[in-house]
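Just below is one structure, and these are the notes that go with it.
Basis for what follows: all heavy atoms, side chains included, without hydrogens, waters or symmetry-related copies. Just so we're on the same page: letters track the sequence lines, and every chain starts at 1. This is a predicted model, so every value here is computed, not measured.
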Amino acid sequence: MTDPVKVRFAPSPTGFLHIGGARTALFNYLYAKKHRGAFVLRVEDTDKERSTPEAVEAILDGMKWLGLDWDEGPFFQSQRTEEYTKRLKILEEKGWVYRCYCKPEELEERRQAQKAAGQPMKYDGRCRELIGKELDQPYTLRFKVPEGVTEIDDLLRGKVQFDHREIEDLVLARSDGSPTYNFVVVVDDSDMGITHVIRGDDHLNNTPKQVLLYKALGVPVPKFAHLPLILGQDKKRLSKRHGATSVQSYREMGFLSHAVVNFLARIGWSHGDQEVFSKEELIEKFDLDHVGSSAGVFNEEKLLWLNQHYIKESSDEFLLDGISKFLDVSPDRRKDPGCALLLRTLRDRSQTLKEMAEKSAFFFSESVSFDEKAVSKFFKADVLDPFRKLKQVFESLEDMSEDVVKPRFQELLSELDLKMGKLAQPLRVALVGGTTSPGIFEVIEMLGKERVLKRLETAIKMIES
RNA sequence: GCUCCCAUCGUCUAGCGGUUAGGACGUAGCCCUCUCAAGGCUAAAACAGGGGUUCGAUUCCCCUUGGGAGCGCCA
C-alpha cells in the first residue's frame with residue numbers, strides 16, 4: 001500500500017497565469033488525477049510588495065478556464081504566519097539559525113567582488129562568529145548550513161549531488177521578521193502533506209536548501225520531479241519579451257482551452273506518436289516516465305494547428321458562443337438557418353475563434369464592408385450585364401440551396417460564355433465584400449434570397465455610379 | 001565567474017545496444033478547385049564533435065562544444 005499522492009501548484013501572484021506555470025499546474029493536476037490523489041493550490045504571496053489581489057484572481061481564472069480544478073485551497077501563505085513563526089522557533093531552539101547583521105548593500109557589494117574574483121557568489125557566513133553576542137541592530141535570521149553533501153533523487157533527473165560548500169547560509173526571516181520563500185515552502189509542503197513536488201527545473205538548485213530544512217525540522221522529505229522549462233523561439237526562457245505568455249492572452253486570441261491544455265501537455269511529455277488527447281486520455285496516459293528532460297520551445301504554429309483541430313470538433317452552439325466574444329451577434333441572426341452552414345464552412349478556414357469571427361462578419365452584420373482593392377478589381381462595367389441577369393435568375397428562385405442554384409448559375413455561365421471564376425469572384429465581392437470566402441454557392445445558400453438580392457443590387461448600383 | 005541541468009529533422013518528439021532512425025507541426029511539389037481553406041498523395045529535413053565499453057552504438061561512460069537555469073532580506 002503506497003501513500004496517497006498529494007501534489008500542489010504554488011504560484012506567486014505577481015502577474016497573470018504564465019504559460020510555463022500553467023504547464024506545471026497541468027502536470028501536477030494530471031499526476032494527481034492519474035493516481036487518484038489530491039491537487040492543492042497554494043498562493044505564495046509572502047512578497048507583500050509584488051503580490052496583488054488582481055493577480056490572484058487572474059491566476060484562479062486561468063486555472064478554471066483550463067479546467068485545472070484543485071481539490072484543496074487556495075491556501076494563502078500570508079495567512080499562515082503563525083505556522084512559520086512556530087517552525088522558526090523550533091529551528092532556533094535546535095540551534096539551526098543565527099542572526100546576521102549585514103546590510104543588504106554590503107552583501108551586494110561582496111557578491112559583486114566575488115563574481116569579479118571568479119568566486120562563487122555566496123554569503124561568507126561571517127555573522128556566525130557573532131553567535132551569542134546580540135547587537136542592537138536590525139538582523140535577518142540565517143540558516144546554518146552544515147558541512148557535507150546533499151543528494152537528491154529526482155524522479156526525472158536521477159541522483160543529483162550538491163556540495164554544501166556551494167550553498168550559502170540562506171536567510172529564513174527578513175529583518176522585518178517575515179519568512180522567506182525557501183523556508184515557507186518547506187513548512188507548507190510539510191504541513192500540507194505534499195508527497196510529490198513537481199515544479200520547474202529552475203527550482204532544482206533550491207532543492208538541496210529545502211532538503212536541508214526538512215531535515216533540520218525533522219520532517220519527511222517529499223519526492224521531487226523537476227520539469228524541463230518552456231523556452232521561446234530564441235531558446236531563452238519564456239518571458240514577456242516573447243509576446244503572449246499569459247494564459248489569458250491565448251484565450252483572448254481565440255484559442256480553446258483544451259487546445260492549450262493538449263499543446264502544453266505535449267511539451268516535455270509524449271505518449272508514442274499520439275498528438276491529440278482528450279482530457280480523459282491525458283489523465284489515463286500521463287506518467288512521469290515519459291516526461292523528457294530537455295527544455296522545449298513553445299511552437300505557436302503547432303498550437304494553431306491543434307486549435308483548429310478542436311474547432312473542427314466543436315458544436316455550433318460552442319462556436320457561436322465563442323464568436324460572440326469577438327463580434328456582435330444578434331439573437332435573431334443566431335437563430336438564422338444559415339448559421340449551421342456558415343459554421344460548417346468556416347471550421348475548415350479558421351485557426352482561432354477570433355479568425356472565425358472575422359470571417360463570419362459578412363454573415364452577422366447587415367451591411368457588407370467592402371475591401372477597396374477587391375472592389376476596384378472586380379466591380380467593372382463588364383460585370384454589369386451578368387450581374388443583372390444573375391439577379392433575374394435569383395429572383396426566379398425560391399430555394400437558394402446549392403443544388404438548385406448551381407445548375408442555373410452554370411446555365412447562365414454558358415449562355416454568357418463566361419468561365420466560373422469570371423462571375424464567381426465579382427459575385428463573391430458583392431456578397432461578402434472581399435475575395436476570399438467559403439464556396440460561392442454555400443455563401444448564397446447561407447445568406448438566403450433576400451440578402452443575396454439586396455447585396456447584388458447594391459453592387460450593381462456601385463458599378464453604375 | 002561559480003554550481004547544477006540538458007543535447008535525435010527548423011520546432012514538438014518516438015527510440016530505452018542490432019530500425020530503411022518513426023510520427024506530428026511547419027516547409028516544398030502535385031491532386032482537388034469559383035477564391036481562401038480543408039483534405040489526399042509525395043518530397044526535402046536529425047542522431048553536435050571526439051574518445052572509450054561492446055561482436056555491434058542514436059541508445060551506456062568520459063571529455064569537448066553548444067544551449068538552459070540558478071547563484072537576493074523575489075518566488
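Within the nucleic acid shown, Ser12(A) comes within 4.0 Å of sugar-phosphate atoms alone, with no base atom in reach, counting heavy atoms only. No engagement by Lys422(A) is indicated, since no non-hydrogen atom pair under 4.0 Å with the nucleic acid exists. Residue contacts shown for Glu168(A) are limited to sugar-phosphate atoms, with no base heavy atom under 4.0 Å away. Contacts of Glu275(A) with the nucleic acid, taken as non-hydrogen atoms under 4.0 Å apart, include base atoms. At a threshold of 4.0 angstrom between heavy atoms, the contacts of Arg42(A) with the nucleic acid are absent. Counting any heavy atom pair closer than 4.0 Å across all strands shown, Asn206(A) reaches a base atom.
Donor-acceptor pairing under 3.5 Å, judged by distance alone, is present between the side chain of Lys302(A) and the base of C12(B).
Neither OP1 nor OP2 of G72(B) sits under 4.0 Å from any side-chain N or O of Thr180(A). Between Arg349(A) and the phosphate of U35(B), there is no side-chain N or O to OP1/OP2 separation shorter than 4.0 Å. Distances shorter than 4.0 Å separate some side-chain N or O of Arg111(A) from OP1 or OP2 on G72(B). At G39(B), one or more side-chain N or O atoms of Lys312(A) fall inside 4.0 Å of OP1 or OP2 (strictly under the cut-off). The phosphate of A14(B) (OP1 or OP2) has a side-chain N or O of Ser270(A) nearer than 4.0 angstrom. Note on Lys236(A): a side-chain N or O is less than 4.0 Å away from OP1 or OP2 of G68(B). Within the structure, a side-chain polar atom (N or O) of Lys235(A) is placed less than 4.0 Å from OP1 or OP2 of U11(B). Between A38(B) and Arg344(A), no contact under 4.0 Å exists linking OP1 or OP2 to a side-chain N or O. For G23(B), the OP1/OP2 oxygens have no side-chain nitrogen or oxygen of Arg266(A) closer than 4.0 Å.
Remark: Arg8(A) pairs with Asp189(A) by the side chain to side chain donor-acceptor pair (under 3.5 Å) rule, at least two apart or across chains.
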